[in-house]
Amino acid sequence: MCGIAGLFLPRSAQAVDANLDAMIKIMAHRGPDGTDRYSSADRRYQCGFARLAIIDLETGDQPIVEDAGRRVLVGNGEIYNYLELRRSPQGQDYQYQTKGDMEVVLPLARALGNDFVHRLNGMYALALYDSVSDKLLLVRDRLGVKPLYWAKLPSGGIVFASEIKALFASGLVKAAVEETSVSAYLAHGYVPAPATLFKGVHKLPPGHMLEALGDGSVRVERYWRAHMAPDMPKNQDEIEAHLVELLKDSVRLQLRSDVPIGVLLSGGIDSGLLVALAAEQQGQPLNTYTVRFEGASVDESPLAASVAKRYGTRHEELTLDISSVADHLPKLAWYCDEPLNDPALLPNTLISEQLGKRLKVALNGTGGDELFAGYGRYFQRPIERRYLSLPGWLRHMIVEPLMGTVSPMNAWRLARAEKFFNNRGAYLHDHGTMFPPPMLEMIGNRGGAPIPAQSTSFAAFDGPPQTAALFADLETYLPEDLLTLLDRSSMSVGVEGRVPFLDHRLVEAALAVPPHIRTAGNQQKSLERRIAERFLPDTIINAPKQGFAAPVPMWMDDKLAALSRAILTRKETLERNWWTAQGIEYLLADRGRHSFRIYALLMLELAVRIHVEHPISVVPPDTGLEAFADDKLFQ
């Protein structure tokens, strides 16, 4: 895991320099183990690298420069199957400079062209410059575990980086808000790719590559999209065995490390399976860690301890204090660049801080819910089923209009029920959005609701509706929320988070499982529960899904509510017309009920103030929300 940044100019462009020193310095948290840079003789290509050393500690530095600059490679993340690729016909005769994972891209690209990406198994964002063909290739991994951002310059060149703020630090990209992205954020809780909150700044979407040529042309194309694996067994026992073997092999590959590694163990099935399969393959006891928060209503540490005991791990329970929320939020907004409405960002960052004192690599169970249908939104709610049993004319002509006069939100909730059958992608969205049209009206936002990203992805999948719903989340919620959260929380403290459930082979196999096997009896994750029976205690198999819900209503005490009011009703803030003072008062009047919405608006406001309104800073703010309430931070 690292930070990469660079600049590529076409032949006709006037020479400009990116401030690579600032770009790398602002991502120092991603790579605390060393930095380096490269610039071509004509300065049309420049790149920099901040390293978090995980594999090949001695010779694994980057950029990797081949033949005095003929080709130059920088990459963030890990290529897990690098040993196998080095032994392949395309990789075995190459004269390697390092013993690391990333360099294998060079011989593969020489032999296979851009098709080399299909041979990689890993999480990565890489940049490959070829001076002979005069092109730059940017590639992001299939599922989007690692981020990559880029912007086109007026000259026709491009600047790229692992984080958006590094683009601003280049001195070549001005920070400004893209207004349509505000509506996208309010609707989704994130800004769906390829857009970002910032004008002219793009995400390279998961499974895509960008090719910039010396003539100034730039082309972005998809190289992978999840599909149902065609070679799945038909028998349920064989399906289970096949999935276990794929997950086991993914764990085998992702245990490769030259630094301390461990597993973040909750009381759930996903992390429990990872511990079981990892412990089988380790020659020494596995390091496992469980986190509990002081005052939390849910404590899964006893369940986690039972798994640790079963597999003889070196287990440690970490107890964390999650008070003083107001002190953390500005720093989180700085690390995230774009706003993210998921409040689990804070507890996950605190967890990563503790893990970083003990290890550099942590496996976790992200992705299990998307593969095995672990969310309630994949199923029709009983109350919605009962409501849809009423005649359509009664629902549309009487119930919903009458309800709309009393409670527009409840009328909207009733109307979304039939989307389960006629617009499942929108149904997913509606069961996750914090700001549906009635709530936008309440806060005074007139931007309108965009087309849900899940609807577009759902429509693109050819398969059963439940499977298409999983696919839609794999393309939207997973990379834009969960994986962004994982990257920012872990990389803020120099910890590499790995996600074995997101091996692309396992993803495609899981999508090929028929729904009646995946969720037998209409039970969430019933197939995974059956798989886990041979590995985990019954107490975990039968435990209700707890999830990881940040206690935002508890955070929203008098102090945080007062700070929120001051920050969100500042004169300059209200002049953007994203909400009104009356709208904020409406939310604060019932702050327990609307705490997640207040949090979402706070993170948007902080992102704009930190990255747009004030000069870019190469270090995160060292003050809490009080400074933003007074607006004295940069005075």
Side-chain angles (χ1 to χ4, degrees), residues 175-192 195-199 329 333 336-343 403-416 419 426 428-456 476-477 480-481 552 556 560-561 563-613 625 628-629:
V177 173
E178 177 60 65
E179 289 292 328
T180 58
S181 292
V182 174
S183 295
Y185 169 73
L186 293 176
H188 297 89
Y190 51 80
V191 180
T196 69
L197 180 68
F198 305 103
K199 192 173 296 184
L329 295 188
C336 268
D337 299 338
E338 290 190 279
L340 183 65
N341 81 350
D342 192 336
M403 181 60 72
T405 64
V406 178
S407 172
M409 275 296 293
N410 282 335
W412 173 81
R413 292 188 181 100
L414 292 173
R416 75 183 176 185
K419 292 181 181 179
L428 291 177
H429 173 83
D430 286 357
H431 280 275
T433 184
M434 290 187 188
F435 290 97
M439 190 55 61
L440 291 175
E441 181 75 19
M442 288 290 191
I443 67 170
N445 180 277
R446 301 292 185 267
I451 297 174
Q454 296 95 325
S455 293
T456 303
T476 57
Y477 173 69
E480 305 291 4
D481 184 317
V552 184
M556 197 59 63
L560 187 54
L563 289 171
S564 299
R565 175 181 288 107
I567 291 170
L568 297 176
T569 60
R570 183 189 61 149
K571 176 177 178 290
E572 294 84 354
T573 297
L574 295 176
E575 286 174 350
R576 300 193 205 107
N577 295 317
W578 297 345
W579 52 76
T580 64
Q582 294 80 7
I584 299 304
E585 291 301 332
Y586 169 80
L587 298 180
L588 289 170
D590 193 354
R591 67 189 191 219
R593 178 184 175 193
H594 296 298
S595 58
F596 286 89
R597 296 186 174 98
I598 298 167
Y599 175 90
L601 298 183
L602 270 178
M603 296 309 288
L604 172 58
E605 178 65 18
L606 289 174
V608 174
R609 293 220 202 161
I610 290 172
H611 296 296
V612 177
E613 290 190 0
L625 283 181
F628 290 84

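- Separation of atoms CE (Met556) and CZ (Arg591) is listed at 8.5 Å; rounding is to 0.5 Å.
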Given Phe628 and Ile610, is the side chain to side chain contact (heavy atoms under 4.5 Å, CB included) satisfied, shown in steps?
CA-CA 10 Å; Phe628 290 84; Ile610 290 172; 3.8 Å; yes

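- Interatomic distance, Asn341 CG to Leu604 CG, rounded to the nearest 0.5 Å: 10.5 Å.
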What's the verdict on side chain to side chain contact (heavy atoms under 4.5 Å, CB included) for Ile567 and Arg609, showing C-alpha distance, side-chain angles and the deciding distance?
CA-CA 10 Å; Ile567 291 170; Arg609 293 220 202 161; 3.6 Å; yes

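- Between the side chain of His188 and the backbone N or O of Ala453 there is at least one donor-acceptor pair closer than 3.5 Å.
- What you find for Phe435 and Ala600 is that their closest heavy atoms are CE1-CB, 4.1 Å.
- Between Glu613 and Arg576 there is a salt bridge, since a side-chain N of the basic residue sits under 4.0 Å from a carboxylate O of the acidic one.
- Considering only heavy atoms from C-beta on, Leu601 comes within 4.5 Å of Ile584 through its side chain.
- Here the closest non-hydrogen pair linking Ala187 and His429 is O-CE1, 3.1 Å.
- For the residue pair Pro438 and Trp412, the shortest heavy atom distance occurs at CG-CB, 3.7 Å.
- Here the straight-line distance linking atom CG of Leu414 with atom CE of Met403 works out to 5.5 Å at 0.5 Å rounding.
- Atom CZ of Arg446 has more than 12 heavy atoms from other residues, nucleotides or ligands within 6.0 Å.
- The backbone N or O of Arg565 lies less than 3.5 Å from a partner atom in the side chain of Thr569, making a donor-acceptor pair.
- In this structure the side chain of Met434 never reaches within 4.5 angstrom of the side chain of Met439, judged on heavy atoms.
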Quick one, Asp342 with Tyr190, criterion side chain to side chain contact (heavy atoms under 4.5 Å, CB included). Give me CA distance, side-chain angles, the key distance, then yes/no.
CA-CA 9 Å; Asp342 192 336; Tyr190 51 80; over 6 Å; no

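- Annotation: the span from Leu602 atom CG to Ser564 atom OG amounts to 4.0 Å, rounded to 0.5 Å.
- A distance of 9.5 Å separates CG in Leu329 from CG in Leu563, rounded to the nearest 0.5 Å.
- Closest approach of Ala333 to Leu606, counting heavy atoms only: CB-CB, 3.7 Å.
- Side-chain atoms of Val608 and Met603, non-hydrogen and from C-beta on, never get closer than 4.5 Å to each other.
- Of the N and O atoms on the side chains of Glu179 and Trp578, at least one donor lies less than 3.5 Å from an acceptor on the other residue.
- Asn445 contributes no side-chain N or O that, together with a main-chain N or O of Trp579, makes up a donor-acceptor pair within less than 3.5 Å.
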Before you tell me yes or no, could you show the steps for Arg416 and His431 under side chain to side chain contact (heavy atoms under 4.5 Å, CB included), namely the whole-Å CA-CA distance, both residues' side-chain angles and the distance that decides it to 0.1 Å?
CA-CA 9 Å; Arg416 75 183 176 185; His431 280 275; 3.5 Å; yes

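- Leu197 is listed as a side-chain neighbour of Val182, based on a closest heavy-atom distance under 4.5 Å.
- The shortest distance between side-chain heavy atoms of Ser181 and Glu338 does not fall below 4.5 Å.
- Ring geometry for Tyr586 versus His594: interplanar angle of 30 to 60°, hence tilted.
- Taking CD from Glu575 and CZ from Arg570, the interatomic distance works out to 9.0 Å, rounded to the nearest 0.5 Å.
- When every heavy atom of Val191 is checked against every heavy atom of Glu480, the shortest pair comes out as O-OE1, 3.7 Å.
- Pro450 and Ala184 make their closest contact through CG-CA, 3.9 Å (heavy atoms, listed as atom of the first residue, atom of the second, distance).
- Counted by atom type alone, Thr196 and Glu178 present zero donor-acceptor pairs between their side chains at under 3.5 Å.
- Lys199 places none of its side-chain heavy atoms less than 4.5 Å from the side chain of Val177.
- Thr456 is not listed as a side-chain neighbour of Thr476, based on a closest heavy-atom distance of 4.5 Å or more.
- Side-chain contact between Phe198 and Val612 is present, with heavy atoms from C-beta onward closer than 4.5 Å.
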